[in-house]
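Just so it is clear: chains get the letters A, B, ... in the order the sequence lines come, proteins before strands, and each one is counted from 1.
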Amino acid sequence: MIELVSYGAFFLTLALTFAIMCLGLNVQWGQTGLFNVGVAGFVGIGAYVSALVTTPDLPERLGGFGWPIAVGWLAAALAGAVAAALLGALTIRLRADYLAIATFGFAVVVQLCVLNLQSVTGGPFGISFIPRPFGALAGDPLIFGLLNLAVVAAVTLGVYAALEHLTRSPWGRVLRAIREDEQAATALGKNAISFRLQAFAMGGAIMGLAGAVQGHFIGYISPEAYVPILTFQVWAMLIVGGSGNNRGAILGAIVVWAFWAASGALIAAIVPPEEQARASALKIVMIGLAICLVLLLRPRGLLGELKTVSRHVDDGKDAKT
Amino acid sequence: MPHVIAASGLSLSFGGVKAVDDMSIQLRRGEFLGLIGPNGAGKTTLFNMLAGTYKADAGCILINGVDASRGRASARIGMGLGRTFQIPRPFPHMTVIENVLTGAQNQAAETILANFLRIGKVAAQERAAIDKAKGILNFLKLDHLMHEPARVLSGGQRKLLELARVLMADPSVILLDEPAAGVNPALLGFIIDRVRDLNARGTSILLIEHNMDMVARLCHRVVVMVGGRYLTEGSPQAVAANPAVIHAYLGVAAQ
Ligand SMILES: Nc1ncnc2c1ncn2[C@@H]1O[C@H](COP(=O)(O)OP(=O)(O)O)[C@@H](O)[C@H]1O
Ligand SMILES: [Mg+2]
């Protein structure tokens, strides 16, 4: 029983770290229509920045400032925002397909840098002993797991609440207007490039934060965690959950992560050990199948985009009576 | 500063085609000016230059006395210039009132931080904007559709919605691109009525329109364009009777 609760807490905590990434992608794609296929790059930057800020000083590696975890998380968000703002400043004017290529290339570059800047990032060995929240309580897996779940859930909730607040604000309204018809929005005085850049940077900040939260939860990061498959997973989560809907982003992350974990367990159970490394590619196929199924049955995802209105407009039901 | 728009020598080519060629036009404060010409004369292209959507190859544009020749399209509404599109461009998945609210200017809450740091001011501004939007929707008889997504509107209602969005910004001059095209006669009378009303309240208007009856009923003065160039101008009656204008229309029709 205790083991089950522990595992449930572990699973949900990890799923929520993906949910945060998914919320970031929802700002960019769901709200603004920015086609970012470099999610892994922003997540990786956040994870590494926070690890460098919070780990103790080590002789064989540059950095290691030993600062509190919260500082690391803030630095990660900031780094994600700066990276997105810089990349965006160069590419946000491009057509959607060029933006996709640019973000993909960016993620590859980040991964290669992390892999090769051994003196800063530990190279292929990654960084271990990243401080974990409530690390002193790690001896009691149940308490430790539940406290970590509480922290990550609080971060997820905070990001969700802030994004809902913005979605229903004039800022969110302008993003939707630009997504729907840029020329019309421009004629109404909205500087499309500036708003796109803001949304891109905000999404980058949230992805950076998510990477940090995940890195601290696991306690270890390495370059192979930030490969294109991560980007694919986050996209799958957003599509399944419902692009444009913040709750959908969270739900999609949990559902797809459950699916991913379950198919991993299934493969482990039925495939002979010597074939398992190869068979794990089947997980990707299964996620692809899941996306197809959801899109066939619920084209807008599990929770589609809502008819979002300003929080100050009475929603019309009482206005019509 | 008698002119709200003073444009001179405007030219623009698409590839080898000169869509607008050394065109000048002035709109006086409070004036209702018509711009007519056969299809392909370059009227919409001229609008797009005035509105900043296209950068002119040559020429100069003053809006309310300020040089706007090199300015961004998104800065035009702040200079007092609003425009509608020949083919309406609603935000289809947003409700009608959200469409109109998008036209509000200088909203603190269009910056991220103000939404968290100046909640009181944001709420007050948004409530004021909603009241104003409702007033405009009422004025344009769209209020019963306020909470519908804009995609359900008819062609004529979309033209009204574009006008409503622009009115939200209190422009001193409005460019209207064929507001009557494809609009049923009952709604047409209403649009004419409302547009005249706006002009009577002091808004200068530049109107592209093929419906000569509407032009005659509304415009103080009419400028005629043909082949990207200025042809002539005068009162609606004088222009309609001008043989050169008739020839231009028939000549294009006969091609
Ligand atoms: N974006 C564009 N690209 C290429 N040619 C264009 C474009 N817009 C307009 N044109 C051409 O410019 C000329 C003038 O068009 P337009 O300004 O739409 O005329 P009008 O509004 O008077 O009917 C036409 O020959 C048209 O085909
Ligand atoms: Mg036209």
Task: B/T53 versus chain A, the contacting section by heavy-atom distance below 4.5 Å - done: side chain
Task: Proximal component of B/T84, with respect to chain A [non-hydrogen, under 4.5 Å] - done: neither
- [ ] May I ask you to check whether over 12 heavy atoms, not counting those of B/N106, lie within 6.0 Å of atom CG?
- [x] no
Open item on the list: Within this structure, what is the OG1-CD1 distance for the pair B/T102 and A/I178, rounded to the nearest 0.5 Å?
Closed with: 10.0 Å
Task: Trace of the salt bridge (Lys or Arg N to Asp or Glu O under 4.0 Å) decision for B/E98 with A/R168 - done: CA-CA 11 Å; B/E98 292 275 313; A/R168 294 173 156 275; over 6 Å; no
Task: Pick from B/P92, B/P171, B/G52 with the largest number of heavy-atom pairs that fall under 4.5 Å of chain A - done: B/P92
TODO: Could you tell me which of B/G82, B/A169, B/A123 has the largest number of non-hydrogen atom pairs under 4.5 Å with chain A?
DONE: B/A123
Open item on the list: With a 4.5 angstrom heavy-atom cut-off, is it the side chain or the backbone of B/A51 that approaches chain A, or both, or neither?
Closed with: neither
Task: Residues of residues 185-198 of chain A contacting chain B, heavy-atom criterion under 4.5 Å, by residue number - done: A/A185, A/T186, A/A187, A/L188, A/G189, A/K190, A/N191, A/F195, A/Q198
Open item on the list: Would you say that more than 12 heavy atoms from the other residues, nucleotides or ligands in this model lie under 6.0 Å from the CZ of B/F116, or not?
Closed with: yes
TODO: Assess whether atom CZ of B/R118 is packed by more than 12 heavy atoms of other residues, nucleotides or ligands within 6.0 Å.
DONE: no
Task: Spacing of OG belonging to B/S74 relative to CD belonging to A/E182, to within rounding of 0.5 Å - done: 10.0 Å
Task: B/I87 atom CD1: more than 12 heavy-atom contacts under 6.0 Å - done: no
Open item on the list: Between B/A108 and chain A, with a heavy-atom cut-off of 4.5 Å, which part of the residue counts as in contact: side chain, backbone, both or neither?
Closed with: neither
Task: Over 12 foreign heavy atoms within 6.0 Å of CZ, B/R196 - done: yes
Task: Contact summary for B/E110 and A/P170, nearest pair of heavy atoms - done: CG-CB, 3.9 Å
TODO: Below 4.5 Å from any heavy atom of chain A, which atoms of B/R165 appear? Answer side chain, backbone, both or neither.
DONE: both
Task: Which atom of A/E180 lies closest to which atom of B/H93, heavy atoms considered - done: OE1-N, 2.7 Å
Open item on the list: How about NZ on B/K55, more than 12 heavy atoms from neighbouring residues, nucleotides or ligands closer than 6.0 Å, or not?
Closed with: yes
Open item on the list: Donor-acceptor pair, distance only, cut-off 3.5 Å: does the side chain of A/H165 make one with the backbone of B/N115?
Closed with: yes
Task: A/R179 and B/F91, any side-chain heavy atoms less than 4.5 Å apart - done: no
- [ ] With chain B as the partner chain, list the residues of residues 207-215 of chain A whose heavy atoms fall under 4.5 Å from it, by residue number, and write 'none' if nothing qualifies.
- [x] none
